[in-house]
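To keep things clear, I will list the structure first and then write my remarks on it.
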Amino acid sequence: MNLLLIFISAAVVNNYVLTYFLGLCPFVGVSKKIGPAVSMGLATTFVMTMTATVTWLIYHLILVPLKLEFLQIVSFILVIASLVQLVEMFVRKVSKPLYDALGIYLPLITTNCAILGLALFMVMKQYDFIEGIIFGFGAGAGFTLAIVIMAGIRTQLELADVPEPFKGAGITMITAGCLALAFMGFAGLI
Amino acid sequence: MKVLTFRKGIHPKEFKELTEHKPIEKLPTPKEVFIPLQQHIGSPAKAVVQKGEEVKAGQIIGESTGFISSYIHASINGKVKTIDTFLHPLGLSTQTVHITSSEEANPLVTDSDTKSWESLSKEDIISIIEKSGIVGLGGATFPTHVKLKPPKDKPIDTFILNGCECEPYLTADHRMMLDFTDKVVQGVLIITRTLGVKKAYIGIENNKPDAIEKMSKATSKIPEIEVVALKTKYPQGAEKMLIKAVLDRTVPAGGLPMDVGVVVNNVGTALAIYEAVVENKPLIERVVTVTGNGIKEPKNLLIPIGTKLKDVIDYCGGLTGDNIKVIMGGPMMGITIGSLEVPVIKGTSGILCLKDGKNFAETVYPCIGCGSCTRVCPMNLLPTKLARLSEKGMWEMANKMGILNCIECGSCAYVCPSHIPLVQHIKVGKFMVNQLKK
Amino acid sequence: MSSFKTSLAHEFTKGLWKENPVLRMLLGLCPTLAVTNSAVNGLSMGLAVIFTLTCSSTLISLIRNIVPKQVRIPTFIIVIATFVTVADRTLAAFFPTISKALGPYVPLIVVNCIILGRQEAFASKNPVHRAIIDALGMSIGFTLTLTILGMFRELLGAGSIFNLPIMPESFDTWLVMILPPGAFLALGLMIGIANWINSKLGIKS
Amino acid sequence: MDISSIFYAIITMGVLGFVFSAGLSIASKKLSVKEDPRITKIIDLLPGANCGACGYAGCAAMAEALVSGKAEPANCPVANSENLSKIAEILGLEVTEKERKVAVVLCQGDTNNQKKKAEYLGVQTCLAAHLVGGGPRACNWGCIGYGDCIRACPFDAIHMSENGLPVVDREKCTGCGKCVEACPRNIIELHPISRHVFVLCKNRDNPKLARSVCKTACISCGICERATGGKGFKVINNLAEVDYDLYTKEPVLPTDKCPTKCIVIVGNPGET
Amino acid sequence: MEGKKTNKLEEKILYLSPSPHVKSGESVPRIMWTVVITLMPATIMGVYFFGIRALWVILVSIATAVITEASIQLMRRKKITVYNGSAVITGLLLALCLPPSIPYYAVIIGTFFGIAVGKHAFGGLGYNIFNPALIGRAFLQASFPVKMTTWTPTLLQQKCVDAVTTATPLGLFKFEKVTTPYVDLLWGNVGGCIGETCAIAIIAGGIILLVLRYADWRIPLSYLGTVAILGGIFWLINPEQYPDPLFHLLAGGLMLGAFFMATDMVTSPSTPLGSWIFGIGAGTLLIIIRLFGGLPEGVMYSIILMNSVTPLINMFTRPKILGEKK
């Protein structure tokens with residue numbers, strides 16, 4: 001039950017994008033179409049789960065015993081950067097269409113705040129190993145949920161008569177605001 | 001009798017009472033006719049008469065130029081004045097033979113030539129039909145002889161005569177079934193024989209009980225022909241809907257009726273086939289419903305091909321006002337005509353004149369997503385989505401959503417509370433998608 | 001020489017408006033939205049970014065020729081992370097309240113797209129003085145945007161600016177403005193206004 | 001902080017760094033995908049309008065095609081010659097100077113000249129009007145006047161005149177051909193900028209019909225053909241055409257002789 | 001653009017227009033005004049129970065909606081279309097789901113937000129993703145949480161009890177486990193938003209809307225059905241903890257939401273299957289929020305959450321084209 005709550009909390013109640021503002025670059029950049037949005041969401045979920053696993057190990061097995069907690073930013077980011085670059089190379093090799101669809105945002109997963117944020121939050125909340133992984137997975141699922149909903153809305157908005165200055169980022173932000181308003185309904189769920 | 005139908009569709013007000021009780025009248029021979037060499041789907045015919053040449057009604061003046069093409073005949077006795085471009089009801093001007101009537105009367109080929117058709121071979125019949133320039137008279141104008149020669153890998157087992165006339169206002173087919181019952185039935189027999197099918201259905205909407213009764217009586221002794229009553233619903237007369245209703249077979253998307261072993265023809269076509277095969281009379285005139293509140297005396301007229309709309313309208317007492325919309329065909333799928341100088345062609349099933357043209361400019365609201373169009377689209381498309389995609393130039397997406405399956409029946413635009421010209425947007429989309437495919 | 005000066009001036013001013021990282025390039029949105037619930041927080045975050053971006057741009061511009069291509073991004077990030085750690089610790093030591101208010105978003109400067117983006121797009125390709133000017137322009141543009149956004153949200157959400165009460169006592173604060181939805185809405189509005197001004201000025205996006 | 005923690009920090013980061021960089025460098029070898037560095041350079045040199053005039057999906061696709069030898073720099077009609085030669089340099093090609101093409105609207109049927117046929121109440125775009133009823137103007141060959149070409153132009157080089165006829169800005173026009181594609185009546189064509197004499201009519205109807213719909217329609221009278229002795233103008237299918245191959249540099253222009261004034265000099269001689 | 005000139009060829013000017021040339025006579029204003037009329041029973045009952053102040057709230061809201069819409073259209077140099085009634089509906093609906101004691105400035109802020117941001121930022125009528133009235137309400141709920149949850153008793157209740165504030169039936173149950181009699185719920189003599197208390201009046205209007213086919217019957221049916229079934233399941237599990245299904249249906253804004261908000265054509269799916277999914281989804285969310293969330297009421301959130309996935313639903317429930325193989 002506890003794990004379920006952690007998952008729901010990370011996925012909906014404290015949705016990464018809509019309440020912590022993490023992972024906004026890809027959220028804005030890759031939500032124009034459903035297909036890429038789904039792949040981005042899945043890629044991020046994958047990286048997030050992996051990150052949660054690896055950073056938990058590094059933090060608790062290396063940094064804490066050596067009393068090097070102050071190195072967390074540097075070491076986490078190093079781990080994440082390498083991990084993402086590996087994923088990038090892998091995707092590029094395996095699926096060119098996927099690589100093309102994600103475009104420059106794959107390297108930007110590195111700088112996806114959601115991922116480092118995830119690691120930092122995980123440490124802050126003092127989750128144990130399994131909880132950490134669930135937390136990472138839930139956060140990824142929440143990110144995927146938000147970005148796919150957003151992509152659906154934006155596909156529809158492409159046919160809409162949005163006022164010129166609001167086209168693109170403006171209306172995306174406003175839509176995100178409305179979504180955030182809607183997600184407030186989940187408050188108190190846990 | 002069980003009443004058959006298809007899913008979805010609409011039921012617009014019929015307005016058939018204007019002409020449905022008026023027997024077919026013959027239009028006096030006009031002073032001049034303009035006969036376009038392109039009156040059918042396919043390549044245009046090639047003129048085989050010269051300027052100044054005397055021609056007789058029924059004489060071939062244009063020869064078929066390909067597999068999908070058709071012959072064109074003079075519709076009156078007279079002299080070829082010019083062969084040049086002239087206005088065409090479908091828009092672009094085309095090569096047209098202009099014939100002025102000669103003084104003498106216009107005796108057409110008469111019933112005295114009647115011959116028995118039973119002795120003719122299949123090939124002979126098809127050849128006569130081809131030489132007589134018969135095309136689908138419901139409006140599609142697809143050359144009929146091609147339809148009667150289906151490819152070997154598409155066996156045909158059923159013929160359906162389309163007597164639905166689901167378009168409001170139009171009564172031409174209805175009157176043909178009443179006034180020429182036996183000829184139509186004989187026409188059906190010729191077609192079934194030529195196709196070599198065992199079963200033929202005559203589908204008639206149940207708003208024409210008199211036609212159902214008369215046709216049933218006429219066919220009661222012919223076992224292979226069955227008259228079926230269909231629910232009065234638009235677009236019941238569209239091929240795919242008709243096949244669905246009568247046989248419960250679904251024509252595959254992008255396919256033709258012959259893919260499910262069916263050939264569909266219109267009442268007018270059957271009549272024309274009878275006249276061509278038995279009476280030796282090529283397609284030089286056709287029954288047209290002239291109707292609407294914009295015309296003084298609505299009538300069902302037998303009109304020589306090539307007669308100018310103006311002459312027809314004058315015969316019917318002229319228009320009733322200034323702001324008139326003149327439509328060739330029915331109100332759902334017909335096209336508006338910008339000039340009364342254009343001629344009646346083989347595909348003209350009706351001339352509809354509607355009053356108060358200014359009121360046609362309805363306020364267009366944005367789509368409010370009410371879903372009415374989706375509920376009525378007989379092809380199960382999403383008309384509003386297709387129209388929006390087309391409007392925004394997203395052709396690829398439109399193609400993916402099946403824009404080419406639209407039969408342009410107009411049901412969606414009929415019900416649209418926002419008055420969006422959905423059909424026009426979709427027509428543009430279809431045109432562009434086809435362009436891009438090339 | 002004059003062209004040299006104008007180009008430097010251009011490098012500086014482009015960040016303020018034309019290529020404003022937040023409003024025009026949509027970079028660094030996470031802190032923009034997260035910490036602008038008050039003007040002070042926005043400004044502090046901006047200052048932290050000015051420090052980090054300028055320092056890391058300088059360093060990366062200096063070492064740009066000796067870093068192999070494959071490991072450039074990790075290298076950039078480590079450099080950035082180092083300076084961020086410095087900023088984070090400094091804030092925590094001298095301004096504990098602000099540090100607490102900004103929470104994990106200071107460490108998250110590491111992954112702020114503006115900083116990495118500038119390294120990748122500019123500092124790693126340009127000499128030191130240009131890199132510094134560019135970094136200053138960008139980060140000041142960022143700071144200004146954040147401060148204004150913070151002022152707007154604080155005004156409506158708490159009735160004050162820089163903690164000074166502005167609105168009359170009877171003003172009923174719009175709580176939503178300091179909540180997440182308010183952040184999105186205010187930023188969307190600001191982007192819209194910026195685009196509108198630009199279209200009036202004839203600058204194409 | 002004591003010495004040992006600094007020591008540990010350095011060791012930890014060093015080990016971590018070593019492990020990951022080793023992993024990465026192995027991976028980069030194993031998983032490397034060869035990408036031509038020239039592509040990015042060429043993308044920078046292409047105009048970036050993604051207009052598609054080259055026949056590819058956009059400038060990036062064009063760059064790939066260029067590198068793979070499927071396209072030539074000259075296929076891009078938009079880029080200036082300086083950039084084209086730079087691209088050619090990157091590719092190691094010789095670039096041939098080509099003459100700039102601009103769009104010409106071959107119709108004068110504005111609302112003053114062309115008769116009005118009917119009230120048109122449908123969708124206000126040329127294509128839609130062309131497909132349904134042909135729009136409000138009488139000529140079936142001429143300009144409909146709803147400005148599809150103007151909306152299609154990515155360079156803001158075509159504008160509607162007061163009387164509803166598109167006018168090309170010959171300086172801004174890059175010859176990308178978007179308007180040519182957009183015009184359902186095909187009255188816009190691309191011509192080398194050095195051409196100035198045009199028959200501004202596409203009406204192939206018989207003279208009587210043509211004259212009845214538009215004041216400035218070509219009525220195929222043949223005066224132009226006779227005036228140039230057949231070397232310059234020819235009437236084919238009811239329409240006079242300029243024979244640019246035979247057209248001499250200094251022609252006796254029959255512009256003043258054309259009874260409907262449909263032969264016109266467009267642009268200024270000498271412009272490039 | 002075309003000058004009026006007599007054409008020598010034609011004496012009469014004819015009209016060209018795309019087919020079809022006959023229309024059903026339906027129009028957007030007709031639909032919108034019908035919705036307004038069907039909301040009248042609920043409105044009248046609201047004013048009856050909560051007095052003249054409720055009427056003022058409604059009028060202020062409608063006026064703000066109309067003025068906001070008109071000024072935005074003026075600013076965007078678009079045709080002003082307030083007479084088509086869509087802004088009036090937004091104003092009216094928003095007022096009907098506000099507490100009667102809400103300050104007027106909040107009404108203005110909420111309506112302005114709903115129309116300006118919820119509707120016109122997305123392009124105006126037909127393009128909005130979220131129901132403007134509900135987005136306006138959600139904005140108010142987040143801005144003024146206390147004022148939005150302060151309820152006044154009805155005039156009838158005030159005669160019997162001397163209280164300034166009361167609680168809604170849902171709130172009473174959630175926080176105090178007090179049930180309200182069904183008669184009061186049906187009749188509407190309970191605390192709550194202006195237009196949501198009288199179930200009978202809402203159902204009467206809603207039925208008219210369904211009969212006229214101005215609302216898709218699938219949405220209210222599946223929405224209410226899901227709430228009843230899920231609510232029933234939980235009630236069977238633990239009748240102490242969870243209220244019975246009838247209470248779920250009648251209490252709070254569910255009726256108003258199901259008949260008038262969820263069925264908003266613009267923001268609900270346009271395919272039949274989509275309508276079912278929409279209703280079931282909204283019902284499930286409602287039960288989750290009501291039973292497990294921090295708030296007693298979840299109609300508004302359940303609908304706007306489903307609004308947000310409507311584009312996705314539409315996309316994945318495209319009907320199969322006749323004869324299409326998959």
Side-chain angles (χ1 to χ4, degrees), chain B residues 34 81-96 98 322-328 333-342 357-364 387 390-393 395-396 408 410 413 419-432 434-436, chain D residues 51-52 55 57 114-142 144 146 148-149 151-152 154 178 180-187 202-214 217-220 236-239:
Chain B
F34 293 84
K81 200 175 171 198
T82 53
I83 303 173
D84 210 335
T85 52
F86 193 77
L87 299 175
H88 189 277
L90 297 178
L92 268 187
S93 33
T94 47
Q95 286 291 314
T96 301
H98 178 189
D322 276 338
N323 297 316
I324 301 284
K325 179 149 89 167
V326 179
I327 298 152
M328 202 170 254
M333 288 182 74
I335 50 164
T336 46
I337 299 296
S339 160
L340 296 182
E341 298 291 312
V342 299
K358 277 190 183 133
N359 300 348
F360 300 132
E362 288 171 297
T363 321
V364 174
S390 163
E391 214 181 336
K392 297 270 170 181
W395 319 119
E396 258 174 56
E408 300 174 20
H419 311 146
I420 301 170
L422 293 164
V423 179
Q424 195 178 15
H425 283 308
I426 293 176
K427 273 184 184 169
V428 169
K430 281 172 78 173
F431 176 81
M432 288 307 293
N434 279 324
Q435 285 270 303
L436 292 179
Chain D
C51 67
Q114 211 185 132
K115 289 236 166 62
K116 183 175 169 172
K117 172 172 66 174
E119 294 284 353
Y120 169 76
L121 304 172
V123 179
Q124 308 273 306
T125 67
C126 302
L127 181 57
H130 175 71
L131 294 175
V132 175
R137 298 186 191 173
C139 180
N140 281 328
W141 305 83
I144 298 171
Y146 288 131
D148 280 10
C149 48
R151 281 186 289 275
K178 283 266 160 183
V180 178
E181 271 172 42
C183 180
R185 291 273 166 89
N186 298 323
I187 57 169
K202 284 280 208 174
N203 192 320
R204 287 187 188 277
D205 281 342
N206 65 60
K208 199 181 144 205
L209 203 58
R211 198 202 282 273
S212 73
V213 295
C214 181
C218 171
I219 52 170
S220 53
I236 303 163
N237 275 344
N238 290 338
L239 182 63

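Scanning all heavy atoms of the two residues, the minimum distance from F86(B) to L209(D) falls at CA-CD2, 4.0 Å. Heavy atoms only, all atoms of each residue included: N238(D) and T85(B) are closest at ND2-OG1, 4.4 Å.
A distance of 12.5 Å separates NZ in K427(B) from NE2 in H130(D), rounded to the nearest 0.5 Å. Taken from CG in D84(B) to CZ in R204(D), the straight-line distance is 13.0 Å, to the nearest 0.5 Å. Rounding to the nearest 0.5 angstrom, the gap separating the CG atom in L131(D) from the NE2 atom in H425(B) is 12.5 Å.
No more than 12 heavy atoms of other residues, nucleotides or ligands sit less than 6.0 Å from atom CD of E396(B).
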Given the rule in the side-chain contact (heavy atoms from CB on, under 4.5 Å) test, do T336(B) and L121(D) qualify, once you have shown the distances and angles that lead to the verdict? CA-CA 11 Å; T336(B) 46; L121(D) 304 172; over 6 Å; no

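With a 4.5 angstrom heavy-atom cutoff, A129(D) touches chain B only via backbone atoms.
Of the candidates V123(D), V132(D), L127(D), V428(B) forms a side chain to side chain contact (heavy atoms under 4.5 Å, CB included) with just one, namely L127(D).
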